Number of protein chains: 2
Amino acid sequence: MNATPPTRPPTSLDVARLAGVSQATVSYVLNDRPGARVSDETRARVREAADRLGYVPHAGARTLRTGRSGLVLISMEDIPYGPLAVGTLEELDRELSRRGYTLVQYGARRLKGVPAARAWAELRPVAVLAGAGKLNRQAVEVLRSAGVKAVVALGSRPSPVVPSVVLDHEGIGVMAAEHLIDRGCRSLAAVVPAEDGLREMGEHRLAGVQRVARAREIPLTRVDLPFHEDGAAALAELWRRVDGVFAYNDDYAMLLMAVLGDAGLAVPGDVRIVGCDDLPLAALLRPRLTTIRLDVSATPSALVQRLEEIIAESPAVPSRIDPWTATLIVRESS
Amino acid sequence: MNATPPTRPPTSLDVARLAGVSQATVSYVLNDRPGARVSDETRARVREAADRLGYVPHAGARTLRTGRSGLVLISMEDIPYGPLAVGTLEELDRELSRRGYTLVQYGARRLKGVPAARAWAELRPVAVLAGAGKLNRQAVEVLRSAGVKAVVALGSRPSPVVPSVVLDHEGIGVMAAEHLIDRGCRSLAAVVPAEDGLREMGEHRLAGVQRVARAREIPLTRVDLPFHEDGAAALAELWRRVDGVFAYNDDYAMLLMAVLGDAGLAVPGDVRIVGCDDLPLAALLRPRLTTIRLDVSATPSALVQRLEEIIAESPAVPSRIDPWTATLIVRESS
DNA sequence: ACGCGATGGTTATACGTATAATCAGTTGAT
DNA sequence: ATCAACTGATTATACGTATAACCATCGCGT
């Protein structure tokens, strides 16, 4: 059954023997170490031997020897999966590997705080990007003492202890609320998704709406909504008491518009609605959906450059990176 | 600026010194090695010392010593991101870590074949799950010779060389086509998304439709569609020539329904439409959308168990795992 | 003839861990 | 009183790599 007998993977010493040189020479050649004096002929012999054996260096042994791993760890759980995040991640990967780093997504979803930090620290990465929620002071300390140069928080709010990539959900809520109030709304509602992965982001967007509503003295109703027809329909009376809704995103906005239509309420006549994400589909609805578009603001190259600065200085003080900008796109639903 | 001076991370030897024992004892205690005879008192002292120092084992050194890494690598690029995949991945992670493995998503998006395999092999993982497209025979050979026990392909078609997790897009196309023809359609169209991440899956779903259409002698038009209103509207005459469309997924189906409505065509009267994914939103449209729902068929625990079998036997012959089952949900649009 | 700087390598070592092999005490059986 | 068996540790080593330090050979100017 087994195609290959369980033979040991070839090492640099095996390559050396086949090429008739010392192991050190193999290392010098394959790493193209500047300053190493090896003849072109020997270089060729070594490369040839490595090829024939299918030699692949042992990353663990290398990090053990050098003390560095070039690994950049990112925990996925706080990343909102969508074309935006996936695309950015892909470019980030490309850019990092161009500079000799290796981007690796390491779940550890169930862990946070020190246990999560210990799991990451085992790999001796050079940088860790993780949700702000799992990077408390002690966790950062664990990473630091394991030699992690850059600890960067990802989250809706900047971390008080380390540099942060801030996904500014609060700003989205602010933008939506100000628009609705400017349009004349005097009683607002804001949707918070009931789904696990979305709720937290919903809370942060809500917080933005809240801030504006309070400042301009407009009543605000929080609506915890599961993504079902029933959930929204059950709140029929609520929709009669408000004249403006921030629906969290376009999907929920479309759900709401369907329900409101069934309930005999006119959009935007009775209720104004704002979504978020600028889904192509949202522009096709009647009325066309007002939404907030998010664009990546920093090029991956700039992001990685900033990361390298952080690696170099490994600052333990907060600073802020804003990876996207929000733009209001006014259509017909508001 | 630097919070901590660049001091070396603590090693098991540091722990040993603080606890007043040998390094070997530390290893025995912290790994709970059965058969190791260490008094409870010493155990406590070692644990205490490890805690105080914030000791975290060096995964690279451990891998070097033991020859195994417990790392399970999965390449993300061929995974269609959505609630289904993300949820499955999360449970997979949980289940694997329960058994002492570490799931890691390693991009290497830009690479395929041998170069990709070399990048993965450096980490000396115990298993690699990657898109069937990047696992040619030589790549598998590289992984094998680097000690990778289980090589598993992910893709729409089973790999001819290794066990595969088959995301059966073709089956989806078959299901949609048979339904439409059974409903009386005599001229079909199938949408293939023009977006990079989706096109390939679209082609496979199309292949399923094609097979059925050919067998039942029904003409079929392939429609390469970007996700814009314009894209679909530009094909206005096309929609008059067909009476059944498989729209690739619910998003495209909704796009189509909007466009067809504007063009004065009735659904399902003039054109029948089938989507896929069973989005909650799709059930709210008028007419309600007929769709295909995908459910994970194998529990993560069963999947991991199968993976462990593969690790144990490391077979180099194809076999097949079907991670989902498809169910047709007939509503009003067909 | 001699030293001397290149040239083209080699030898030796350390990184942190797991584990086989060994050893010093202590206990218990005869 | 003696030896075997057990307890609770220690010593020594190997894993694969990178790199500092060393060494042999050669060409060449004086």
Side-chain angles (χ1 to χ4, degrees), chain A residues 6-46 49-50 53-70 100 118 121-124 145-147, chain B residues 6-46 49-50 53-70 100 118 121-124 145-147:
Chain A
T7 173
R8 233 184 357 85
T11 73
S12 60
L13 188 59
D14 295 328
V15 175
R17 278 195 276 255
L18 180 57
V21 298
S22 73
Q23 181 265 329
T25 301
V26 171
S27 177
Y28 287 137
V29 169
L30 296 185
N31 293 333
D32 259 339
R33 221 184 108 75
R37 283 107 41 96
V38 179
S39 72
D40 286 358
E41 191 216 357
T42 305
R43 294 189 116 88
R45 272 217 321 285
V46 168
L53 291 179
Y55 168 72
V56 174
H58 189 301
R62 176 177 280 165
T63 52
L64 179 57
R65 169 64 227 236
T66 62
R68 286 189 203 307
S69 74
R118 296 169 69 86
E122 288 195 357
L123 296 178
R124 297 292 190 273
S145 96
Chain B
T7 173
R8 235 185 353 86
T11 74
S12 61
L13 188 59
D14 296 327
V15 175
R17 278 195 276 256
L18 180 57
V21 299
S22 71
Q23 180 266 331
T25 301
V26 172
S27 177
Y28 287 137
V29 169
L30 296 184
N31 293 333
D32 261 339
R33 221 185 107 77
R37 284 103 43 90
V38 180
S39 73
D40 286 358
E41 191 216 357
T42 305
R43 295 190 116 88
R45 271 218 321 285
V46 169
L53 291 180
Y55 169 72
V56 174
H58 188 301
R62 176 178 279 165
T63 307
L64 179 56
R65 169 64 227 235
T66 62
R68 280 182 209 312
S69 74
R118 296 170 68 87
E122 288 196 356
L123 297 177
R124 297 293 190 272
S145 97

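Predicted, not measured: the structure shown is a model, and the values here were computed from it. To find a chain, count down the sequence lines: A is the first, B the second, and so on, and within it residues start at 1.
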Residues touching DNA chain C, which here means a heavy atom under 4.0 Å, drawn from residues 17-30 of chain A: A:Val21, A:Ser22, A:Ala24, A:Thr25, A:Tyr28
Below 4.0 Å: OP1/OP2 of C:dT7 and any side-chain N or O of A:Ser39: no
Strand DNA chain C as a dot-bracket string - pairs counted if Watson-Crick or G-U with both distances under 3.5 Å, | where the partner lies in another strand: ||||||||||||||||||||||||||||||
Below 4.0 Å: OP1/OP2 of C:dG16 and any side-chain N or O of B:Arg62: no
Integer-rounded Å distance: C:dG16 P and B:Leu13 CG: 9 Å
Minimum side-chain heavy-atom gap B:Leu30-B:Val46 below 4.5 Å: yes
Among D:dT17, C:dG16, C:dT17, the nucleotide that comes nearest once only the side chain of A:Tyr55 is considered: D:dT17
B:Glu41 CD to D:dG8 P, straight-line distance once rounded to whole Å: 11 Å
Protein-nucleotide distance (B:Asn31, atom CG; C:dT17, atom P), rounded to Å: 10 Å
Pairing residues for A:Ala36 by the side-chain contact (heavy atoms from CB on, under 4.5 Å) criterion, not counting sequence neighbours: A:Tyr28, A:Arg33
side-chain contact (heavy atoms from CB on, under 4.5 Å) involving A:Pro9 - partner list, sequence neighbours excluded: B:Arg124
Pairing residues for B:Arg118 by the side chain to side chain donor-acceptor pair (under 3.5 Å) criterion, not counting sequence neighbours: none
Sugar-phosphate only, base, or nothing, as touched by A:Thr63 at under 4.0 Å among non-hydrogen atoms: nothing
Contacts of B:Arg17 that satisfy side chain to side chain donor-acceptor pair (under 3.5 Å) - sequence neighbours left out: B:Asp14
All side chain to side chain donor-acceptor pair (under 3.5 Å) counterparts of A:Asp32, not counting sequence neighbours: A:Arg47
Rounded distance (Å) that lies between atom P of D:dC15 and atom NE2 of B:His58: 18 Å
Partners passing side-chain contact (heavy atoms from CB on, under 4.5 Å) against A:Leu64 (at least two apart in sequence or in another chain): B:His58, B:Ala61, B:Leu64
Which residue lies more 5' along DNA chain D, comparing A:Arg37 with A:Ser12 via nearest heavy atoms: A:Ser12
Distance below 4.0 Å between A:Thr66 side-chain N/O and D:dT19 OP1 or OP2: no
A:Ser69 side, atom OG; B:Leu123 side, atom CG - distance, nearest 0.5 Å: 9.5 Å
Short side-chain N/O contact from A:Arg33 to OP1 or OP2 of D:dA20, under 4.0 Å: yes
Interatomic distance where CZ belongs to B:Arg68 and C1' belongs to D:dG16 [whole Å]: 16 Å
A:Thr25: side chain to side chain donor-acceptor pair (under 3.5 Å) partners, not counting sequence neighbours: A:Ser22
A:Arg124 side-chain N/O to C:dG16 phosphate OP1/OP2 under 4.0 Å: no
C:dG16 OP1/OP2 closer than 4.0 Å to side-chain N/O of B:Arg8: yes
